[in-house]
Amino acid sequence: MELTNTALVIVDVQKAFADPKWGERNNQDAEKNMAKLLHHWRQKGGSVVHIQHRSADPDSLFYPEKESFGLIEALQPKDDETVMEKTVNSAFIGTGLEGYLRSNGIDTVVIAGLTTPHCVSTTTRMSGNLGFRTYLVSDATAAFALTGPDGIRYDAETVHALTLATLHEEFAEVVTTEKLLQADWAAGEQEEEARG
């Protein structure tokens, strides 16, 4: 994987998701793994896009006047990094993300963020449908428990795992942080050997 044509897209890592109203969550290391990815992309000079969900509802945790709207401290964007606000689940709708990627020669997208079955899943599906080579980092996203229309409660790990299963090899390649970074380092080493 070459970072010159690859963007890291981090979806909705906002303080809002720390609110207890969401209930049980899996993968408490998700943000730590996102930070590893972000650090690596910055070191390699790759493109980073931060997505931030914005609600027009003053009662929403994602209302821009609230502190909970902000991105978490560990994943704050740098001045030269792109930040886009969205108002729906997909980071591709109403944001200019597709145009940004294409105008910068980016054909590969790596997706991390919150939450697995909602904005991460929708963004991943659209990325694949738009023809981008798409990677979803399984341990750099997380889910909350959900209740179905029949009243059955699904724990957070089940929601997470099933969402990944519906995306893998259909809309994206689902990989771990370690696998993705190892593949990237290996590609860099192969390039160096080829030049030498």
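In this text, all values refer to a predicted model and were calculated from it rather than measured experimentally.
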## Note on the structure
Looking only at heavy atoms, the pair that brings Thr116 and Ala143 closest together is OG1-N, 3.7 Å
### Query
Can Asp107 and Arg102 be counted as an ion pair, charged N to O under 4.0 angstrom?
no
### Query
Does some side-chain heavy atom of Trp41 sit less than 4.5 Å from a side-chain heavy atom of Thr6?
yes
### Query
Can you tell me how far CD of Glu173 sits from OG1 of Thr124, rounded to the nearest 0.5 angstrom?
13.0 Å
### Query
So how far is it from Gln52 CD to Arg54 CZ, rounded to the nearest 0.5 Å?
9.0 Å
### Salt bridge flag under 4.0 Å for residues Glu170 and Arg125
no
### Query
Are there more than 12 heavy atoms of other residues, nucleotides or ligands under 6.0 Å from atom CD of Glu178?
no
### Message
With no hydrogens and no angle check, just 3.5 Å: does a side-chain donor-acceptor pair link Asp139 and Thr177?
### Response
yes
### Message
I need the Ser60 OG to Lys66 NZ distance, nearest 0.5 Å.
### Response
6.5 Å
#### Entry: Sub-4.5 Å side-chain heavy-atom contact between Leu61 and Phe69
no
### Message
With a 4.5 Å cut-off on side-chain heavy-atom distances among I, L, V, M, F, W and Y, is there a chain of contacts connecting Met84 to Ile106?
### Response
yes
### Task
Verify whether the ring centers belonging to Phe17 and Phe62 lie closer than 6.0 Å.
yes
### Query
Are side-chain heavy atoms of Thr123 and Phe92 found at a separation under 4.5 Å?
yes
### Query
Take atom CD in Gln28; do more than 12 heavy atoms of anything else shown fall under 6.0 Å from it?
yes
### Message
As an exercise, state the distance from CG of Leu114 to CD of Glu31, rounded to the nearest 0.5 Å.
### Response
5.5 Å
### Query
Are Leu162 and Ile111 connected in the hydrophobic side-chain network, where two residues link if heavy atoms are under 4.5 Å apart?
no
### Message
Do Ser68 and Asp19 have side chains that approach each other closer than 4.5 Å (heavy atoms only, starting at C-beta)?
### Response
no
### Message
Contact between Leu97 and Lys86 at the side-chain level, heavy atoms closer than 4.5 Å - yes or no?
### Response
no
### Message
With a 4.5 Å cut-off on side-chain heavy atoms, are Asn27 and Lys32 touching?
### Response
no
### Query
Are Val109 and Val174 connected in a single hydrophobic cluster, I mean Ile/Leu/Val/Met/Phe/Trp/Tyr linked by side-chain heavy atoms less than 4.5 Å apart?
yes
### Task
Heavy atoms only: give me the nearest Gly23-Phe144 pair and the separation to one decimal.
O-CD2, 3.6 Å
### Message
Between the side chains of Glu73 and Lys15, is the shortest nitrogen-to-carboxylate-oxygen separation below 4.0 Å, so that they form an ion pair?
### Response
yes
### Message
To check you understand the geometry: which heavy-atom pair defines the closest contact between Gly113 and Val13, and what is its length?
### Response
CA-CG2, 4.0 Å
### Query
Between Glu24 and Asp155, what is the shortest heavy-atom contact and its length?
OE2-CB, 3.6 Å
### Query
At what distance, to the nearest 0.5 angstrom, does CG of Asn104 lie from OG1 of Thr82?
7.5 Å
### Query
What's the spacing between Tyr63 OH and His53 NE2 if we round to 0.5 Å?
13.5 Å
### Message
Can you tell me if Asp150 has over 12 outside heavy atoms packed within less than 6.0 Å of its CG?
### Response
yes
